[in-house]
Amino acid sequence: MKKVIVSGIQPTGEMHIGNYLGAVKNWVDLQNDAQYDRFFFIPDWHSMTIDYEPATKQRLIKNLVRDLLALGIDPKKSTLFVQSHIPEHLELCWNFLTVTPMSELEKMTQFKDKAAKHVENVNVGLFTYPVLMAADILMYKSMIVPAGEDQVQHVELARVIAKKFNNKFGTTFPEPKAMLTEVPRVMSLTESNKKMSKSGGDKSCVFVADSPDIIATKIRKAVTDEQGVQNLLELVKLFDVSTLTYAHLKKDFDAGALKNVELKDTLAELIAAAFADFRNRKEEISDAEVAAVLETGRARARAIAQQTMEEVRIKTGLR
Ligand code: TRP
């Protein structure tokens, strides 16, 4: 039996190079391993827990699908779908809400962080968000969840929920684990001690879809305090496939002879080159292709979700 992998990326804005290196690159790498059955999805319901503009949501979702396809997610190798196309996720979430202790959710550090950051919108959905995430994972009976450090606590909660459900209603779900891969910490261009994040603003991030001109402009304006220069050098290291350019710049840097303009121009070229194929491929992906891919993903995911839910309805005594 193949091991099931489930992971999701929220449709909240343009994908930046930190999102790519931290998540999507791993997904693409995992596609060439025959021991896995992969489900990658767009958790649009999760993205509703933070204020947003409804008129932009469809564009964000479709754009994210085009990004994922152009970056190498292959719908023949992975099931790619949108969470809200599978209504069973919410039904399973309800079941899980009834076995999740309040005290477990009160421990979630991401909830506390987000509640502190968005004081004007601390909604119950934000609080129960990890329970929906447990439903996303366990619906496909996944044991492996590629995720960043910030999601580990949520995956552990999914284990707790699986255990509680199994104890109460009989063994139904496996106990999933987070798959933490070594991911580089990509830092903001404008605040050298912060992680690159959409909330830092457009100028602080390099988006995977930025044109070479935009990349050059953003990098040229990047801060060059001591930490900032280190961050730029780190990025050179990440994007320099040959490693020669990095070695050369590092030597100059150690000798105190590296000029910031040279560092920046070299880095901008490396990043632009790294995503050149991506930009070309993305342009070729039509709306019709996006729709077809999502329909195939929906049909496959839904068939499994319906099976899981039928089993859950019987076990819980609702059928
Ligand atoms: N909460 C995750 C994030 O923001 C996204 C997500 C939702 C997810 N459901 C998931 C990730 C299930 C892995 C598995 O990054």
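Position 1 is the first residue of the sequence, and the numbers go up from there. Start at 1 and go down the list; that is how both ligands and their atoms are numbered.
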Quiz item: Which of these passes salt bridge (charged side-chain N to carboxylate O under 4.0 Å, His left out) with Asp67: Arg281, Arg279, Lys282?
Solution: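 Single pass found, and it is Lys282.
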Any atoms of ligand 1 less than 4.0 Å from a non-hydrogen atom of [X]? List them with their elements.
X	value
Gln10	3 (C), 4 (O)
Asp136	7 (C), 9 (N), 10 (C), 12 (C)
Pro43	5 (C), 6 (C), 7 (C)
Val145	13 (C), 14 (C)
Gln151	1 (N), 2 (C), 3 (C), 4 (O), 15 (O)
His46	7 (C), 9 (N)
Tyr129	1 (N), 2 (C), 3 (C), 4 (O)

Quiz item: With no hydrogens and no angle check, do the side chains of Asn231 and Ser192 hold a donor and an acceptor under 3.5 Å apart?
Solution: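 No pair is found: no donor N or O on one side chain lies under 3.5 Å from an acceptor on the other.
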Exercise. Answer with yes or no whether the side chains of Lys164 and Thr100 bring together a donor and an acceptor at under 3.5 Å.
Key: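 No.
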Self-check item: Which residues share a side chain to side chain donor-acceptor pair (under 3.5 Å) with Lys62, sequence neighbours left out
Solution: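 By the side chain to side chain donor-acceptor pair (under 3.5 Å) rule, Lys62 matches Gln58.
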Practice problem: Could you tell me which residues satisfy ring pair (Phe, Tyr, Trp, His ring centres under 6.0 Å) with Phe169, sequence neighbours excluded, listed by chain and number? | Solution: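 Phe169 satisfies ring pair (Phe, Tyr, Trp, His ring centres under 6.0 Å) with Phe165 once adjacent residues are dropped.
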Quiz item: Can you tell me if NZ on Lys177 sees more than 12 non-hydrogen neighbours from other groups inside 6.0 Å?
Solution: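 No, NZ of Lys177 has 12 or fewer neighbouring heavy atoms, counting only those of other groups under 6.0 Å.
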Quiz item: Got the closest protein heavy atom to atom 11 (C) of ligand 1, with its distance?
Solution: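 Answer for atom 11 (C) of ligand 1: Gly8 N, 3.4 Å.
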Practice problem: Starting from the C-alpha separation in whole Å, work towards a yes-or-no answer on side-chain hydrogen bond (donor to acceptor under 3.5 Å, both in side chains) for Thr109 and Gln153. | Solution: CA-CA 8 Å; Thr109 55; Gln153 200 183 22; 3.1 Å; yes
Quiz item: How about Phe275 and Tyr20: are their ring centroids closer than 6.0 Å?
Solution: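 Ring-ring flag for Phe275/Tyr20: true, centres closer than 6.0 Å.
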Quiz item: Is the closest heavy atom of Ser7 to ligand 1 under 4.0 Å?
Solution: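 It does; at least one heavy atom falls under 4.0 Å.
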Quiz item: Quick one: does His154 get an N or O within less than 3.5 Å of an N or O on ligand 1?
Solution: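 Between His154 and ligand 1 (N or O atoms, distance only) the closest approach is not under 3.5 Å.
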Quiz item: How does Ile137 reach ligand 1, if at all, at less than 4.0 Å between non-hydrogen atoms: by side chain, backbone, both, or neither?
Solution: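 Only the side chain of Ile137 comes within reach of ligand 1.
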